[in-house]
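I have placed the structure first, in the form of structure tokens, so that the comments after it can refer back to it.
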Amino acid sequence: MKKELSKLYEPSQVEDRIYDFWQKGGYFHAKIDKNKTPYTIVIPPPNITGQLHMGHALDETLQDILIRWKRMSGYCTLWLPGTDHAAIATESKIVEAMRKEGLTKEEIGRDAFMNRAWEWKAQYGGRIVEQLKKLGSSCDWERERFTMDEGCSDAVNEVFVKYYEKGLIYRGERMINWCPHCVTSLSDAEVTFEEQAGHFWHLRYPFSDGSGYVELATTRPETLLGDTAVAVNPNDPRYKDIIGKTLTLPLVGREIPVIADDYVETDFGTGVVKITPAHDPNDFEVGRRHGLEVINVMTDDAKITDDYPAYAGMDRYEARKKIVEDLEKGGFLVRTEDHVHNVGTCYRCGTTVEPRVSTQWFVKMQPLVQPAVDAVKEGKTRFVPERFDKIYFHWLENIRDWCISRQIWWGHQIPAFYCDDCGEMTVTKEKSAVCPKCGKPMRRDPDTLDTWFSSALWPFSTLGWPEKTEDLEYFYPTNTLVTGYDIIFFWVIRMMFSGLENMGEVPFDTVLIHGLVRDSQGRKMSKSLGNGIDPLEIIDKYGADALRFMLVTGNAPGNDMRFIEEKVRASRNFANKLWNAARFIMMNLPDGFTADELPEVLSAEDKWIVSGLNRLAGEVNQNLEAFELGVAVSKLYDFIWDVYCDWYIELAKPRINAGGDTALNAQKVLVWVMKGILRLLHPFMPYITEEIWQALVDDGSAIIVSSFPVYDEKLDFAADEERFGKIIAAIKAVRAVRSGMNVPPSVKAKLYIETSEPQAFEAGKMFFMRLASASDVEISEKWDIPDSVTAVTDSARIFIPLADIVDVEKELARLDKEKKAVQKDLDFLGGKLNNPGFLAKAPEKLVAAEREKLAKAQEKMDRINESIAALKK
RNA sequence: GGGAGCAUAGCUCAGCUGGGAGAGCGUCUGCCCUACAAGCAGAGGGUCAUAGGUUCGAGCCCUAUUGUUCCCACCA
């Protein structure tokens, strides 16, 4: 007994029910029999436990489409769960929450803090995971936590110690990026440069001997407090004589030298630069070359230190203002000009980064980079689309050592230990250490690792490495990584070199890159603009299927897309169309209908639709193979709506009304094609296809584990397809003529079809009745019907006698217009076929096709001429 | 300063290795024909940014130009 579909398609109800069904049936996770099936792993993107945003919905959708397709194609898919990459953001959220309770992390201590963090993550992360499942994702909070916590910490320690022993990790004092808001160091990748309007303050520094001033310009006057020199270019004739002289630093009174360094450009500004080694990366290098003192003038949160009582405790911008005032008062300010410059900001919080000298841990990149470059050059891993390998190469070729230590608590603590007594340091996998020199207990480095350090190990750490597990053996290297282009630097590159270094093989063979989802005006969605759109609101309104469908429609890999609600509505309408088509089929099925196969005898229109579906299946597979998801989706859309619904179902109606075997055959084909459509569409619209499938098939099977259709040579009826296309063309021509004369469908007219292939049209008689408002149809090789309009195709002339409304003048004008259009074709094709170059060089197949087109156009022209002649008479 | 993307119908975008320009939305006309008005049938609408070049043939390949977006880069 077949089930019923509700009259109204209500996405949320369907999706809730199906979600529940999959959940209970354990369908969210593929069951893998390693001995039998090929496999694939699709790696999901990071930030699972961050806010669920549209970009994330896109990640999930693309992965899930690939997974469902692979699974239905006989592959099993292992989808590695997500992990947390928002350590800094997470920490600040927890700190903030604690502050409201009047607590600080220092007060409650590290262990309690971590517990708090885990509680918070479990709640927040768990909720996000539930939300992702609404999109069809198979992520899982327990596994999630595993990848972050106990599961991967062994791997992290293992790699850290190994790198350290190989000299790939070192600790040292360097200029690093510091975020005063997050109070931690950042890697180069975590700094975003932003153009900001600022000022250029021209200052003068007096010579200590009272012999005048040098003039220089700065964008950051507050760093003056830390100046330890002023530099000029050694070849600058203007300043030759002052090199080696001494200046008195305004407001501070410190004596600083004038030094010569190539770094200074003679044609920029005044050609004089103040040198602040502690607060500028270039100045740091200059200072190093000249043995200058490094004077740090700021605290961790970018306030002036107590060494400068006049400014102590002021934040850097406050101090800037005050210092400019004081400079002006002292006569040191020459002038101020507007200036736009690039300022580094923290990619998490947007705070301006303070370059700062401090002691941090670094990964030495040079030795790790080459294999990662080679792997892509040799095609072991490829980017889709390919152009992203340029970004990849460029980054790797210009990479600098990676600062991996962070001054936060939420993260993996660095496995290094210090002896406070004798200053000894050890790096070890153990949880505690005793000083090898003096035997005293050692203190663990309070810093944690950059969250991307552990993420980089993910393709193997989640499979059990460093243990030699069966999973690791079987699943590494994995297949496809799906991620946005903004994640290439953070994650893709680091997984590449980490995989190659630790496993000796690339972590995945393909990286599918997608673009960003922007708002309807093309702006990046952001919290500050408030233009972000919550995927869940959209899902509530239109359904997860509609959102998924919209996210892949009309989008090419790597390109950004705009989020336009009308597009989601269009997708929902498409789902509704499918729903209603299914409803129509089911309401016309006889009780106890179980047929699963095509009828033995296929009619012309049956072959037409079956052949079309078969070709579609082949193309969709090809497109998915090439990651052309958008192309696949639009082909499905066109076939389902335009071919199946608008034509085949309409063609089937008169057959169903006819009853008997005619009806039964039509029903069999309707169901058979619908089942093919549902399976092809399932990866893109999982919920609705599952719902319809279960209502239609009703044998306890689930579409999620059904098989994906493939091209079948036996079902290719190209010739029949073409033949039936003539009937469709004729019906369209009749409709166009009638519509042009504003004849409503309720006004029926007899049709006289003139054609050289009467038997082909004989089969379509009832379709003309139904779809071309014909009261009757007569077919012959020759007709001459006066007082009628004619619809002309390349294979037929159809007379529509509408004596009352035929306007000879209008009809002539219409035919003339059509004649001109066909003449254009004839000219074009004729010109082409008379071109010796074309005949000589174009492929034979093409020439033949063009000849055929020409013949058809000529035939059509003859028919038009005949009609015109008759009308004139 | 270096690199990349984009520029196609009123709007948002497809267009796979070069073989007579497509979709959705919007517009206009006519239809509630018992699956669907979240629909059906028609129609209109494009010198594929500009200028050259390669080719029998260019939206697609090459060169230059313009506009636009993004990434990278330590110019005070």
Side-chain angles (χ1 to χ4, degrees), chain A residues 5 7-9 175 192-193 200 216-220 223 231 263-265 268-276 280-285 341-342 344 355 385 387-388 390-391 394-395 398 485-486 488-489 515-516 518 520 522 524 542 550 553-556 558-562 564 566-567 569-588 619 622-623 626 628 630-631 634 637-638 645-646 649-650 653 732 735-746 770-771 773 824-825 828-829 832 835-843 845-847 849-850 853:
Chain A
L5 290 176
K7 178 144 195 217
L8 248 179
Y9 164 56
M175 176 65 66
T192 318
F193 284 88
F200 224 180
L216 51 82
T218 178
T219 54
R220 302 197 54 201
T223 60
Y263 153 68
V264 183
E265 286 176 31
F268 187 84
T270 59
V272 185
V273 183
K274 67 193 224 23
I275 302 296
T276 322
D280 183 278
N282 295 312
D283 293 7
F284 181 74
E285 292 305 318
H341 56 143
N342 264 341
R387 65 171 186 271
F388 287 101
K390 281 192 199 120
I391 295 178
H394 183 261
W395 174 270
N398 295 286
Y485 58 68
D486 50 337
I488 295 176
F489 304 129
L516 302 174
R518 298 173 173 277
S520 58
K524 211 165 172 171
Y542 300 103
M550 173 268 165
T553 302
N555 187 241
N559 286 4
D560 287 356
M561 66 186 315
R562 292 189 196 203
I564 295 169
E566 279 72 42
K567 276 159 70 177
R569 196 178 306 140
S571 300
R572 190 272 320 264
N573 291 354
F574 172 65
N576 187 54
K577 185 76 183 172
L578 180 70
W579 182 266
N580 279 303
R583 221 158 53 78
F584 169 79
I585 294 174
M586 290 171 61
M587 70 176 55
N588 284 297
E619 287 175 18
Q622 269 178 16
N623 289 135
E628 295 161 355
V631 179
S634 74
Y637 183 98
D638 290 345
C645 291
D646 287 349
I649 288 184
E650 294 306 322
K653 280 176 182 173
K732 282 189 168 180
R735 281 172 173 176
V737 168
R738 290 178 55 108
S739 181
M741 301 194 311
N742 280 348
V743 186
S746 50
R770 171 90 189 191
L771 304 178
S773 301
K824 228 175 117 189
D825 284 0
F828 174 81
L829 292 164
K832 213 170 182 178
N835 180 345
F838 178 75
L839 293 175
K841 296 190 181 174
K845 224 174 146 186
L846 186 73
V847 176
E850 298 295 289
K853 276 195 221 166

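Fair warning: this is a prediction, and the values are worked out from it, not measured in the lab. Numbers restart at 1 for each chain; the letters A, B, ... are given by sequence-line order, proteins then strands.
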What is the nucleic acid contact for [X], judged by heavy atoms within less than 4.0 Å: base, sugar-phosphate only, or nothing?
| X | answer |
| --- | --- |
| L839(A) | nothing |
| K732(A) | sugar-phosphate |
| Q622(A) | nothing |
| V264(A) | base |
| A570(A) | sugar-phosphate |
| N342(A) | base |
| L516(A) | nothing |

Using both distances under 3.5 Å as the test, list the Watson-Crick or G-U wobble partner of [N], or none.
| N | result |
| --- | --- |
| A4(B) | U69(B) |
| C16(B) | none |
| U63(B) | A51(B) |
| G39(B) | C31(B) |
| G57(B) | none |
| G44(B) | none |

task = Among the candidates G19(B), G24(B), A76(B), find the nucleotide nearest to the side-chain atoms of Y637(A).
result =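 Between G19(B), G24(B), A76(B), the one nearest the side chain of Y637(A) would be G24(B).
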ask   = Is there a donor and acceptor pair, one atom on the side chain of K832(A) and one on the base of G57(B), closer than 3.5 Å?
value = no
task = Report yes or no: is there a donor-acceptor pair, N or O only, under 3.5 Å between the side chain of R387(A) and the base of A4(B)?
result =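 Absent.
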Looking only at atom [atom1], what distance separates [N] and [M], rounded to whole Å?
| N | M | atom1 | result |
| --- | --- | --- | --- |
| C6(B) | C13(B) | C1' | 12 Å |
| U54(B) | C60(B) | C1' | 14 Å |
| U8(B) | G22(B) | C1' | 10 Å |
| U17(B) | C61(B) | P | 9 Å |
| U47(B) | G5(B) | P | 27 Å |
| A64(B) | C28(B) | C1' | 43 Å |
| G3(B) | G39(B) | C1' | 50 Å |

ask   = Is the shortest side-chain N/O distance from K653(A) to OP1 or OP2 of A35(B) below 4.0 Å?
value =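 Checking A35(B) against K653(A), a side-chain N or O does come within under 4.0 Å of OP1 or OP2.
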query = Does any donor atom in the side chain of D560(A) or Y485(A) lie under 3.5 Å from an acceptor atom in the other side chain?
reply = yes
ask   = Under the criterion side chain to side chain contact (heavy atoms under 4.5 Å, CB included), which of N588(A), L578(A), L5(A), L8(A) is the partner of R583(A)?
value = L5(A)
task = Could you state the atom-to-atom distance from CH2 of W395(A) to P of C71(B) in whole Å?
result = 13 Å
request  = Using the aromatic ring of F828(A) (for Trp, its six-membered ring), decide whether it stacks on the base of G20(B) within the limits of 5.5 Å and 30°.
outcome  =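 Yes; centroid distance and tilt both under limits.
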query = Reading nucleotides 12-17 of chain B 5' to 3', which nucleotides get B (base under 4.0 Å from a protein heavy atom), which S (sugar-phosphate only), which -?
reply = SSSS--
